[in-house]
Amino acid sequence: MQSYRTIKDIKLRDAWLKTNGYSPNTFFNPDLKAEYIRAKAASKQLLSDCVDLLTPEQIELVQAFNSKATQKRLYQVLNLYKKIRRQLHRQS
């Protein structure tokens, strides 16, 4: 039996996932690796918030990752996200 607190936390988590564009029903698939989930979140943020800092080749890379995720593209997106975050940090 789940406590009221646990149910409340689950509802908060599901609401957060929905507002960030994820489906709570498919988000917690045990076959997905943590890097894949991080890369999906990074690609979404790159395309929504940082698109003006990306070159056309980088935008193409992120879109290619969203259409067909490979291990190589996964790490390229994570590295690109780290690079853009550093660039933003230096600007502030």
Identify each donor-acceptor pair in which a side-chain atom of residues 69-87 lies under 3.5 Å from a protein atom, sequence neighbours left out, and give them as a table.
| residue | atom | partner | partner atom | Å |
| --- | --- | --- | --- | --- |
| T70 | OG1 | R73 | N | 3.2 |
| R73 | NH1 | A64 | O | 3.3 |
| R73 | NH1 | K68 | O | 2.7 |
| N79 | ND2 | Y75 | O | 3.2 |
| Y81 | OH | Q45 | OE1 | 3.0 |

Any side-chain heavy atom of L54 sitting closer than 4.5 Å to one from L46?
-> yes
Counting distance only, does the side-chain N/O of K44 pair as donor-acceptor with the main-chain N or O of N20 below 3.5 Å?
-> yes
State which residues pass side-chain contact (heavy atoms from CB on, under 4.5 Å) with N66; sequence neighbours excluded, sorted by chain then number.
-> K40, S43, L47, V62
What residues, two or more places apart in sequence or in another chain, satisfy side-chain contact (heavy atoms from CB on, under 4.5 Å) together with T19?
-> none
State the CG-CG distance between L88 and L53, to the nearest 0.5 angstrom.
-> 5.5 Å
CG-CH2 distance between L12 and W16, expressed to the nearest 0.5 angstrom | 12.5 Å
For E57, all residues meeting side chain to side chain donor-acceptor pair (under 3.5 Å), sequence neighbours excluded = T55
Does CD belonging to E35 count more than 12 external heavy atoms closer than 6.0 Å?
-> yes
